[in-house]
Structure formats: C-alpha cells, structure tokens
Novice: 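Before I ask anything, let me first share the structure, which is written out below as structure tokens.
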Amino acid sequence: MKTCRICDHKIEPFMSFGKMPIANGFLNKSEFEKEYFFEMKVSFCENCYMFQLDEQPDATMMFHENYAFFSSLSKYMQKHFKSFAHFVMELIPLPEKNSFVIELGSNDGIMLEHFKNANYRHLGIEPSSNVAKVALEKGINTLSNFFDLNLANEIYNEHGLADAIICANVMCHIPNLNDIAKGIARLLKPNGLLIFEDPYLGDMVKKVSYDQIYDEHVFIFSAHSVAKAFGTSGLELVDLIPQTTHGGSMRYVLAHKGSHKASKSVIQILEEEKSLGLNKIETFNKFKLNCEASRDSLRELLEGIRIKGETVVGYGATSKSTTVLNYCNLNTDHICYISDTTPIKQNKYTPGMHIPVKSYDFFKSDVPKYVLLFAWNHSDEIFEKESKFSEQGGRWIRFVPRVEII
Ligand code: TYD
C-alpha cells in the first residue's frame with residue numbers, strides 16, 4: 001500500500017486511466033519507439049483530502065529545454081496574468097519600499113513583467129531553461145532551477161524575505177509540496193502573502209473534466225487539501241477567489257497563521273466543498289463512473305462519425321488532450337490531425353496516439369465538417385474566432401461538461 005504524498009496516511013488508487021505518455025511530449029516519428037509510458041492511477045487521501053497521482057514521471061522528463069508550453073502565446077492568458085499581477089500589487093502596493101515578489105514557475109515572464117514594469121523587486125524561478133531564457137531576454141530576473149527548501153535558503157541569503165510569493169498553474173505540478181511549503185514559509189515576511197492559483201477540484205468533479213489529470217498535475221487542489229497541506233508549515237487560508245481560467249480554477253491566498261483575518265469566502269467555500277463531498281472518497285468513486293461514462297460516449301460518437309466516412313479534426317493540442325486521447329483510445333481513425341498555434345508542437349505527433357499536429361494555417365485551408373474542441377477551456381475565445389466555421393455548417397464536438405455535438 002502507498003502513502004499520501006502530503007500526510008503519509010495510507011492511500012489506495014481509486015482509478016487507473018491506463019498507460020499514459022508524457023502529456024507535453026509531442027514527438028517526431030523517429031522517437032516513437034523509445035517513447036516513455038507510465039500507468040496513470042489516482043488516489044484521494046481521506047486524512048488530508050489531497051487528490052493526487054499515484055506515480056509521476058521524473059520532473060526532468062516533463063520540464064526541460066524543449067518544454068512545449070509558452071504562456072505568452074494566449075492573448076486571454078496574457079490578460080488574465082495582467083489582472084493577477086494587479087491583484088497582487090493592490091495587496092502589496094508599495095514598490096518604493098523595495099517590495100519583493102517571487103514567482104515560482106515564472107515561465108516566459110508573462111506575469112513578472114508587470115512587476116518589473118512597476119519597479120517591484122522581483123525574481124522568477126523557472127526550471128525549463130528554454131522558457132526561462134525568453135524571460136531573461138525580456139530583462140526579467142529569472143533563475144533556471146527547481147524551487148525547494150535549499151533554494152529558498154539561497155534566495156533568502158541573497159535577497160532577504162519576500163512580500164509575496166506567487167504562482168499560477170505551478171503548485172499543482174510540484175510533488176515535494178511539503179518541502180516547498182516550508183521553503184515558502186521560510187521566505188515570506190511575517191505579514192507576507194502566498195498567492196497561487198491552479199485548476200480546482202470542485203470544477204473537475206462537477207464537469208467531469210478528467211483531462212485535468214495528467215503527468216504534470218500531481219495534485220488537483222481544493223480549499224480543504226490546501227488548508228491541510230500548508231497548515232503544517234504554519235500557513236493558513238485568508239482568501240479564496242474562484243477563477244474561470246483552465247476550465248475552472250481557484251486562487252488561494254495564504255499567510256502566516258494569525259497574521260491576517262480570513263475573508264468570509266474561506267468559510268463559504270469550505271462549506272460548499274463539504275456539500276459537494278470533496279472531503280469524501282465516495283465522491284471520487286462516483287467520479288470514476290462518470291469518467292468511464294464520458295469516455296464511452298465520446299468513443300461511441302466518434303465511431304459513429306468514422307463509420308459514416310466523415311472526418312474529425314482536433315482543435316488545440318493541449319496537454320489535457322493527451323489524457324483524453326489515450327484514455328479513450330482515439331487514434332488517426334477517429335481524428336485525422338490536431339490544429340495548434342504553438343510552433344514547437346507543429347509537424348510533430350501527439351504523445352501516445354501519434355496523431356499529427358498541424359498549423360492553424362493548414363486548418364484554415366482544410367476546413368473539416370467536425371472539430372473536436374480539446375482546448376475547451378478557451379471556448380469563448382475560439383467560438384468568437386471561428387464564428388464563420390459554425391455559420392458555414394461546421395459542427396463542434398465537445399466532451400466537457402458533457403459529450404455532445406453543438
Ligand atoms: P492550454 O489551454 O494551456 O491547455 P493545457 O494546459 O491543457 O495544455 O493549451 C491551449 C492549447 O491550444 C495550446 O497548445 C494552444 C492551442 N490553441 C490553439 O491552437 N488555438 C487557439 O485559438 C487557442 C486559444 C489555443
């Protein structure tokens with residue numbers, strides 16, 4: 001029997017998604033043979049409420065010089081990170097007092113550049129060297145390294161304590177969360193704030209958006225699990241702000257215990273989580289059945305289209321799509337190619353199922369009848385951009401919050 005990554009309580013996986021490759025491991029034909037796979041099983045800890053991956057591939061296999069994710073490519077995310085930065089600046093509004101902001105997983109500097117422009121002292125920590133390089137080229141102070149307690153001590157020695165430690169879509173990637181929490185508590189001023197956001201377990205359970213589960217997301221957090229995980233390092237929740245990004249996220253604000261008064265939304269969201277059962281294993285046994293039903297109906301729908309001889313193209317070679325394609329066993333019989341605007345993914349193949357990834361220009365020159373929306377978290381932006389496709393009789397297929405043709 002395994003033990004919980006946070007509290008060491010005995011846990012057992014409640015579900016397996018089967019054999020999975022690296023979600024962002026877009027590859028060339030010559031790399032098919034040596035592709036890495038692991039069995040993706042998930043557990044829920046009844047003691048500290050943490051939803052977690054049973055096994056996670058080594059970090060260096062996921063985050064490296066060819067990491068295929070550049071935050072700044074999405075206009076919507078650019079806007080979101082700007083508003084996140086301003087939210088933080090309102091909480092620590094005194095750059096003239098030499099306020100210091102640290103971002104974990106600062107990617108290409110999409111968020112820190114707002115702090116740089118407002119003259120905050122800032123430091124980004126970004127393990128993927130290719131994206132860190134882009135940030136450095138923009139003049140954003142960045143260390144290409146993995147954050148842990150040792151690095152926290154080094155940063156403390158060089159820069160002192162931070163007013164805010166922030167991160168977006170990063171905390172849920174970090175397996176040694178206890179160590180990170182200690183490092184954060186070590187680096188935060190007595191009245192400092194930890195502010196982070198990640199895909200939210202409540203949304204995932206409600207929408208059956210199981211595609212949030214992939215190698216990088218070792219945890220899917222709730223307010224319950226975050227309170228427990230950071231509580232042992234002396235931090236507590238002081239605010240919770242739901243977000244629409246990534247198909248439903250939560251922004252968590254934490255501080256040293258007793259240093260800040262908690263907002264009403266902390267109690268309210270903890271209560272909502274209890275009603276939704278995010279503190280009970282039964283909820284996840286039901287979630288498993290919902291995932292299986294979603295998988296079966298998506299397969300059935302795509303099989304039906306295939307039998308009719310019609311073609312389906314995927315929209316957005318997201319990390320999430322790797323879970324959907326491999327779990328539902330969808331290959332080029334079902335999806336001829338996936339259109340994606342990220343240059344590093346184009347002309348490669350999707351992890352595991354090896355569906356070709358083509359450029360958006362190719363998609364525009366070859367408009368299909370059916371488009372499967374893998375980037376469903378960007379629906380508004382995409383539907384607006386592709387209004388002609390629908391007007392000309394094109395049909396969207398989606399699988400969140402339910403499998404349907406629209
Ligand atoms: P993202 O939303 O970050 O999802 P994940 O975290 O699961 O990777 O990825 C969006 C992907 O979709 C990215 O590869 C870019 C692509 N995309 C398009 O191709 N066209 C679009 O209009 C949008 C919004 C995204």
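Note that the structure is predicted; figures quoted are calculated from it, not measured. Remember, it's 1-based here, ligands and their atoms both numbered in the order they're listed.
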Novice: Heavy atoms only, cut-off 4.0 Å: how does His378 contact ligand 1, side chain, backbone, both, or neither?
Specialist: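 It is the side chain that touches ligand 1; the backbone stays farther off.
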Novice: Just by modelled atom types, is the Asn329 backbone N or O under 3.5 Å from a matching donor or acceptor in the Arg299 side chain?
Specialist: yes
Novice: Going by distance only, is there an N or O of Glu381 that falls short of 3.5 Å from an N or O of ligand 1?
Specialist: no
Novice: Need the ligand 1 atom indices (1-based, order shown) with element for anything under 4.0 Å from a heavy-atom of His246.
Specialist: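 Answer, ordered by atom number: 3 (O), 6 (O).
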Novice: Within ligand 1, which atoms have a heavy atom of Asp340 less than 4.0 Å away?
Specialist: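 Those of ligand 1 that fall under 4.0 Å from Asp340 are 11 (C), 12 (O), 13 (C), 14 (O), 15 (C), 16 (C), 19 (O).
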Novice: Does any pair with a residue in residues 358-376 pass salt bridge (charged side-chain N to carboxylate O under 4.0 Å, His left out), and if so which ones, sequence neighbours excluded?
Specialist: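 As it turns out, the salt bridge (charged side-chain N to carboxylate O under 4.0 Å, His left out) pairs with a partner in residues 358-376, which skip direct neighbours, are Glu310-Lys369, Lys364-Glu386.
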Novice: Distance check, rounded to the nearest 0.5 Å: Cys291 atom SG versus Phe284 atom CZ?
Specialist: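 The CZ atom of Phe284 is 11.0 Å from SG of Cys291, to the nearest 0.5 Å.
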Novice: Should the pair Lys19 and Phe37 be classed as cation-pi, given the thresholds of under 6.0 Å to the six-membered ring centre and 45° from the axis?
Specialist: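 Yes, Lys19 lies over the aromatic ring of Phe37.
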Novice: Below a 4.0 angstrom heavy-atom separation, can you tell me which part of Asn169, side chain or backbone, both or neither, approaches ligand 1?
Specialist: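 For Asn169, there is no contact with ligand 1 at all, from either part.
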Novice: Which part of Lys345 is near ligand 1, with near meaning a heavy atom under 4.0 Å away: side chain, backbone, both or neither?
Specialist: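 Side chain only; the backbone of Lys345 stays clear of ligand 1.
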Novice: Using salt bridge (Lys or Arg N to Asp or Glu O under 4.0 Å), reason through Arg306 and Glu303 one step at a time and then give a plain yes or no.
Specialist: CA-CA 5 Å; Arg306 187 184 68 81; Glu303 274 291 329; 2.9 Å; yes
Novice: Could you give all pairs that pass the salt bridge (charged side-chain N to carboxylate O under 4.0 Å, His left out) test and reach residues 192-208, with sequence neighbours left out?
Specialist: Glu197-Arg251, Asp203-Lys207
Novice: Enumerate the atoms of ligand 1 whose separation from the nearest heavy atom of Tyr315 is less than 4.0 angstrom.
Specialist: 20 (N), 21 (C), 22 (O)
Novice: Near Lys385, which atoms of ligand 1 are under 4.0 Å from a heavy atom of that residue?
Specialist: 20 (N), 21 (C), 22 (O)
Novice: Contact between ligand 1 and Tyr214 is defined here as a heavy atom of the residue under 4.0 Å from a ligand atom; is it met?
Specialist: yes
Novice: Against heavy atoms of Thr342, which atoms of ligand 1 measure under 4.0 Å?
Specialist: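 This gives 13 (C), 14 (O), 15 (C) as the contact atoms.
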Novice: Answer yes or no: does atom NZ of Lys385 have more than 12 heavy-atom neighbours from other residues, nucleotides or ligands under 6.0 Å?
Specialist: yes
